[in-house]
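Protein chains get the first letters and strands the later ones, always in sequence-line order, with residue 1 at the start of each.
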Amino acid sequence: MAEQHAPEFRYTAALAAEIEARWQDRWDAEHTFEAPNPAGPLADVERLAGRPKLFLLDMFPYPSGAGLHVGHPLGYIGTDVFGRFRRMKGYNVLHSIGYDAFGLPAEQYAIETGTHPRVRTEQNIATMRGQLRRLGLAHDQRRSISTADESYYKWTQWIFSQIFNSWYDSEQQRARPIAELIEAFRSGNCSLADGRTWSALSRVEQREVVDAHRLAYIAEAPVNWCPGLGTVLANEEVTSEGRSDRGNYPVFRRSMRQWMLRITAYADRLIDDLDTLDWPDSIKMMQRNWIGRSEGAQIEFPSPAGPIAVFTTRPDTLFGATFMVLAPEHPLVDALTADEWPDDTFPLRTGGHATPAAAVSAYRTQANAKTEIARQVDDRDKTGVFVGTFASNPATATPIPVFVADYVLMGYGTGAIMAVPGQDERDWEFAERYDLPIVRTVQPPDDWDGKAFIGEGTAINSGFLDGLGVDDAKDRIIEWLETNGHGHGAIRYRLRDWLFSRQRYWGEPFPIVYDETGMPIALPDSMLPVTLPDLDDFRPRTLDPNDGDSEPELPLGRVDWWTSVELDLGEGPKRYQRELNVMPQWAGSCWYELRYLDPTNENRFVDPAVERYWMGPQRPGDSGGVDLYVGGVEHAVLHLLYSRFWHKVLFDLGHVSSSEPYHRLFNQGYILEAAFKDEREVYVDAASVRQEPDGTFTAYGLPVTREFGKMGKSLKNAVAPDEIYAEYGADTLRLYEMAMGPFDVSRPWSTRDIVGMYRFLQRLWRNLVDEETGALRVVDTPTDPETHRHLHRTIAGVTADYEALHFNTAIAKIIELNNHLTKLAAADGVLPREVAEPLVLMLAPLTPHVAEELWARLGHPSTLTYERFPEADPALLVDAEIELPVQLSGKVRAHIRVAADADDATIEKAALAAVASHLTTATVKRVIVVPNRLVNVVV
RNA sequence: GCCCGAGUGGCGUAACUGGCAAACGCGGUGGUCUCAAAAUCCAUUGCCUCACGGCGUGCGGGUUCGAAUCCCGCCUCGGGCACCA
C-alpha cells in the first residue's frame, strides 16, 4: 500500500489502530464510563450531585455466532455519540449493553453448529463483546447482563410469579395481589358468579375460581402450532402469510392447553398511555392497530338453540340484519343444525346435501382443510351453508336464516355475526351468492352506484331510528337493547392474550410445579431460580413442517431427575411435577433495562431508589422510563408491547415508579446493501457480482438483478467491520456511519465513500500535528475575528444538531470549519489553540479515540470524556454587516451588503439601487424586506 | 383494498417556522508536486447555450411578492394491516 512511504506521523489506519487500542485500554483501566447510582453497590453520591441524569438504551442483540457486520452497530454508534455529548454537557449518563441470550435464534444456531446452547451462547457473547469493544463504545461494562444467566433469569422467573400471583381489578383499572382477591372472596366482599358462597367450595374449587382470575393462567385455547419449529407461537410471531416469523415455517391453528398472560386486561391502558410517550407516530399507530379496539354492541338473537350473541360495530343497522353467520367452529352450530331442510330451501344453500347435518359436516371438513392463510388470503369467495334453522331479529321480530361460513372467524368477537348486506360489503357478497334479502338501513347519496353503503347517512327502514345519523342511531339502539334485554354496548379488541409457553429447551423454566390435583403452584421466591437443567440432547424432535396434526414434544420432559421433585411447600415434603414448557424468546427482554440499573442486586430485581433515580417520572403526569431508546422498527408490536405490559404490572404492584418502560423511542434506519438475485430469484454472493459496461450486473457470466435490502446473511451481502478497521480504523467507520445520512433513514452502504471521512480526519490531524516531526502545530496566538465567528457558529450548530440526533449535519459543520482551518494552517503554518481545542472537543463524541489522542497532545493529562462541551458566545453569532440577496419578482438579481441592524428603509434604498439597471422600464409596485433573509422588489 | 412514510445533481444527501436550491462527502475534469506513480494541495463540476440568458426539487394544477417546503388531483417506491363484523 501507499502508506508504507507515508510520513511517520500521518494519521493512517495503522496509527489509528494503535491509538484506538491504547485509549480503549486506558478507558477500561480508569473505569471512565462507569455511571454512579444513588444507592447500593454502584453508589457514588458525590459524583451524582448536581448532575442531571440520562438513561440511554439500545435494543440489545442476541448473541449470534455469525459475527457483526457494519449494519449492526449503526444504532449503537448513534447512542454512543449522543451519550458522549451529554456527558460533556454535564449529564450522568447510564449506557450499557447486554445480550438477549435465550430463545430460538440462539438455540437454532447451537443446533446448526452442534454445540450446547450455553457453551455456544457464552462464546458468542465473548466474540461480540470483543467486536463491540473495537468500536470504542462508552459502555458501563459492570451493567452488562445476559438473559440466560441464572442471576438474571432468577428475576425473570420472579416477575412471572408476580404476574401469576396477581389479578386485574377492572374497577380500579390495575393489577392487584391475588391474596387480596382471595380475601375479598373469603370475607364475602366479592361474590362468586354462580351465587355459591366461598366456604361452600372445596379447596380445589376455590383454586379453580382463583386461577381463573390470575394474570398468568393455563387455558385450552386456539394456538399457532408450528411443527417446523416444534413449538407453539404467539400471534405476534406469526406473519400475515400464516408462517413463523422465525424460520418461515407453516403455522397451524389448533386448540392446545398452554400458558397465557392476560395482556388483554391492559388493552385500554396500552392504547391510552401511548399519548404520554415520545414515540414515532407510525409505531404508536401500529400498536393501536394491533390492539384493535372497536366500540359497538353485543346483541343477542333468539334462536331454537338459545340466544346467539353477536358483536357489531354497527348496531344502528340492526333493522337490516337479514341473516346470521356463525364460524364453523362456533359451539352452537351443532345445536342449531336442523334434522332436515325446511320446505323450499334453495338448493344452492344446501351445498347439495340431503340433510343440514351432512352439509355442515362437509363444510367444516372443507374449511378445516384450508390453513388459516388460505382462509384469509387465497380464497376470499364467500362460501357457506344454511344450517336449516332460523333465528329472530330482535328489532323486527322477523325470522332470519342462520348460516355457517368461514368468512366469520371464531377468534374475533363472539364468532358469530348479524349479517347486514345493505351496509357491509362481505355480507352483500354473501347475500348475492345465496340470494338473501338486502335491506338498506342507511340512505346512500343520490349518485351512489355501489353495493353495500358503509358511509355516513340517515337511517331508513329502521322504525324508531329513522331520520337519525349513524352516531345518534347507535346511541339510540344501544339504549333500546339495554332497556329490552336484547344486548348492551360493548368494546372488543383484536389483541388476544399472550401465549406464553414454548416447547423448546433454551428458555427460562417456569417457576411452577403441579401437585396431585394437577393445578399449578408458584414456587416461593426462596426457591428461585429454577435452574435450566443441562441437557445433552437439547434438540427439539424434528417434525414434518407441513403436518399440522403432529404433537409437540417437551425437551425438558427427557430429564427424569428434573421433571419430578420433592419439595416442602408448607404441607411437608411432597412430590411435585415441574412445568416442562419454557418461556418464550421475549420474556428476558421484557425487563432488561431495569436490570442494567442494579445488575448485582441479589435481594431485589432492582433497588426502588435506583429505579426512581434513573426512570422515575420527571414531573407530575409524566410516565417516566428510559430517556432514549434506540432500535429498529421490527419490534414495533412484539417486544415493545410485551415490555410495556410487564412494566405496567410491575408498576401496578408497586415495584417500579415509572408507568412506562421507554419514554422516548427512536427508530434508527438500517444500512442497506445491494443484493443480487439470479434468474431463479435466488440470492447470489454480492462479492461475485460484476457491473458490465452497459450498466447491467452479472455473476459468473449470468445476468442478475440488483435490489437494496437490509444488510445480512440472508441477502448474502454483509460487509464485516474488520475490513474497514484494517483499511481506515474504527473512528473513520464511526464517522462514516454517522455521516451517511439522517439517523432515522435507511441508506445504502458504500465502501467507496468511506475514504471521504478518512481524508477529513487526516486533514484535521495534519492541521494540529506535523506529519514529519510529530510536533504540535498549535500555538497560543489570538484567532482572527472571522475564524473566531466561524468557530462559534459551528459550536452553536453542532450543539443543536447533536441534541436533535442530526449527526450527519453536525459532521458537515465540523468539516466546514476544518476546511477553513486548513487554509489558515497552510497560510500561517500554525493554528491558534483557541480554535483547535474546541474543534477537538466537538469531534470527540463522534471519533473519541483520535480526539483523546489530540487532546493529550494539546497538553491535557486526563480523558476529555468529562470536559465541558464548548459553549457558543451569542455575541459572535451575528455579523456586523450582512449580505442580502435582492430579488426582482422572485428572481435573484443582485446582492447588497448592509449593517446587520439597518432599518427597512435603508435596506430598501440599497436594494433599489442595486437593481436599478433592471428597472429602466418597469415601475416598482412593492418592496418586501424580510429581516436577515432577503429583499424582493415586485414590479 | 385500507392506513402511514418517502420521491432533490452521476451517487449518498443539505436547506431551522414558505425566503439565494444543492452545504458536506463520493465520483468526474483540469492543474500543482514528481523521473514516474500514489498521497497532498489548488481550481472546476445541476442541465441547456459560444455567450446574453433560460430551465431546474416525481407529474399536472392552485395559493403567494416568493413554494423542495402549503393546498387539490395523479404517478412511483418503501413499510404496516388485511374477510376484525
Asks: Could you let me know what B/C81 is paired to, Watson-Crick or G-U wobble, both distances under 3.5 Å, or none if it's on its own?
Replies: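 Pairing partner: B/G1.
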Asks: A/E727 CD to B/A39 P: how many Å, rounded?
Replies: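 In whole Å, B/A39 P and A/E727 CD are 13 Å from each other.
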Asks: Send over the distance from A/L761 CG to B/U40 P, rounded to a whole Å.
Replies: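 Atom CG in A/L761 sits about 13 Å away from atom P in B/U40.
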Asks: Between A/Y728 and A/L733, is there a side-chain heavy-atom distance shorter than 4.5 Å?
Replies: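 Result no, sub-4.5 Å side-chain heavy-atom pair not found.
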Asks: Paired with B/G12: which nucleotide, if any, by Watson-Crick or G-U wobble criteria at under 3.5 Å for both distances?
Replies: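 With both distances under 3.5 Å, B/G12 matches B/C24.
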Asks: Is the distance from the ring center of A/Y434 to that of A/F323 below 6.0 Å?
Replies: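 So the answer is no for these two rings.
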Asks: Rounding to an integer number of Å, can you tell me how far A/Y11 OH sits from B/U40 C1'?
Replies: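 Nearest whole value for this atom pair: 18 Å.
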Asks: Tell me: CE of A/M285 to P of B/C4, nearest whole Å?
Replies: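 About 6 Å, once rounded to whole Å.
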Asks: Could you state the CG-P distance from A/L409 to B/C81, rounded to the nearest angstrom?
Replies: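 Distance check: A/L409 CG to B/C81 P gives 16 Å.
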Asks: Tell me the salt bridge (Lys or Arg N to Asp or Glu O under 4.0 Å) pairs involving residues 757-772 of chain A, sequence neighbours left out?
Replies: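 Counting only pairs at least two positions apart or across chains, the salt bridge (Lys or Arg N to Asp or Glu O under 4.0 Å) contacts touching residues 757-772 of chain A are A/R10-A/E771, A/R766-A/E771.
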Asks: Taking atom C1' in both B/A43 and B/C20, what distance in whole Å separates the two?
Replies: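 The answer is 23 Å between these two C1' atoms.
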Asks: Syn or anti for B/G9, taking syn as within 90° of 0?
Replies: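 Nucleotide B/G9 adopts syn.
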Asks: Tell me if the centroids of the rings in A/W428 and A/F453 come within less than 6.0 Å of each other.
Replies: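 So the answer is no for these two rings.
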Asks: Rounded to whole angstroms, how far apart are CD on A/Q423 and P on B/A85?
Replies: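 Spelled out: CD on A/Q423 to P on B/A85 is 15 Å.
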Asks: State whether A/Y407 and A/K382 meet the cation-pi test: NZ (Lys) or CZ (Arg) under 6.0 Å from the six-membered ring centroid, and within 45° of the perpendicular axis.
Replies: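 Yes, A/K382 sits over the ring of A/Y407.
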Asks: Scan every strand shown for a Watson-Crick or G-U wobble partner of B/G30, both distances under 3.5 Å, and answer none if you come up empty.
Replies: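 B/C42 is the nucleotide pairing with B/G30.
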Asks: Can you name the side-chain hydrogen bond (donor to acceptor under 3.5 Å, both in side chains) partners of A/D268, sequence neighbours left out?
Replies: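 For A/D268 the side-chain hydrogen bond (donor to acceptor under 3.5 Å, both in side chains) partners, ignoring immediate neighbours, are A/R293, A/Y493.
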Asks: If pairing requires Watson-Crick or G-U wobble contacts with both distances under 3.5 Å, which nucleotide is the partner of B/C47?
Replies: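 Paired with B/C47, as far as the under-3.5 Å criterion goes, is B/G54.
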Asks: Please give the distance between the C1' atoms of B/C75 and B/G25 as a whole number of Å.
Replies: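 It works out to 32 Å between them.
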Asks: Expressed in angstrom and rounded to an integer, what is the separation of A/E771 atom CD from B/A39 atom C1'?
Replies: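 It is 9 Å, rounded to the nearest whole Å.
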Asks: Given the P atoms of B/C16 and B/G7, what is the spacing between them in whole Å?
Replies: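 The answer is 13 Å between these two P atoms.
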Asks: Among B/G54, B/C81, B/C65, which nucleotide sits nearest the side chain of A/R494?
Replies: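 Looking only at side-chain atoms, A/R494 lies closest to B/C81.
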Asks: Any chance you could list the contact pattern along nucleotides 9-28 of chain B? Use B for base contacts, S for sugar-phosphate-only contacts and - for none, protein heavy atoms under 4.0 Å, 5' to 3'.
Replies: ---SSS-B--BB--BSBSS-
Asks: Roughly how many Å is it from NE2 in A/H820 to P in B/C41, rounded to a whole number?
Replies: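 Whole-Å distance recorded here is 16 Å.
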Asks: Could you work out, with side chain to side chain contact (heavy atoms under 4.5 Å, CB included) as the rule, every residue matching A/V878, not counting sequence neighbours?
Replies: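 Here no residue qualifies.
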Asks: What distance, rounded to whole Å, do you find between the two P atoms, one in B/U49 and one in B/C55?
Replies: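 Rounded to whole Å, the distance is 16 Å.
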Asks: In whole Å, what separates the C1' atom of B/U44 from that of B/C59?
Replies: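 Each nucleotide's C1' atom is 33 Å from the other's.
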Asks: Which is true for A/R766 with a 4.0 Å heavy-atom rule: it touches a base, it touches only sugar-phosphate, or it touches nothing?
Replies: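 Sugar-phosphate, no base atom in range.
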Asks: Take A/D281 and A/V637, find for each the nucleotide of RNA chain B with the closest heavy atom, and name the residue whose nucleotide sits nearer the 5' end.
Replies: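 Result of the comparison: A/D281.
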Asks: Sort and list the pairs that fulfil salt bridge (Lys or Arg N to Asp or Glu O under 4.0 Å) and have at least one residue in residues 791-816 of chain A, not counting sequence neighbours.
Replies: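 Every salt bridge (Lys or Arg N to Asp or Glu O under 4.0 Å) pair that includes a residue of residues 791-816 of chain A, provided the two are not neighbours, is A/R86-A/E803, A/D801-A/K813.
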Asks: Considering only atom C1', compute the distance from B/A67 to B/C71 and round it to an integer number of Å.
Replies: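 Approximately 11 Å lies between the C1' atom of B/A67 and that of B/C71.
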Asks: Is B/G19 paired to anything, Watson-Crick or G-U wobble with both distances less than 3.5 Å, and if yes, which nucleotide?
Replies: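 Looking at the geometry, B/G19 pairs with B/C65.
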Asks: List in chain and number order the residues that pass ring-ring contact (aromatic ring centres under 6.0 Å, His included) with A/H330, two or more places apart in sequence or in another chain; answer none if no residue qualifies.
Replies: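 Not a single residue meets the ring-ring contact (aromatic ring centres under 6.0 Å, His included) criterion with A/H330.
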Asks: Check this for me: does the side-chain of A/K382 come within 3.5 Å of the base of B/C83 through a donor and an acceptor?
Replies: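 Yes, the side chain and the base share a sub-3.5 Å donor-acceptor pair.
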Asks: Using the C1' atom as the reference point in each nucleotide, state the distance between B/A22 and B/G9 in Å, no decimals.
Replies: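 Comparing C1' positions in B/A22 and B/G9 gives a spacing of 8 Å.
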Asks: I'd like the C1' distance from B/G79 over to B/G73, given in whole Å.
Replies: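 Pairwise C1' distance, B/G73 against B/G79, rounds to 24 Å.
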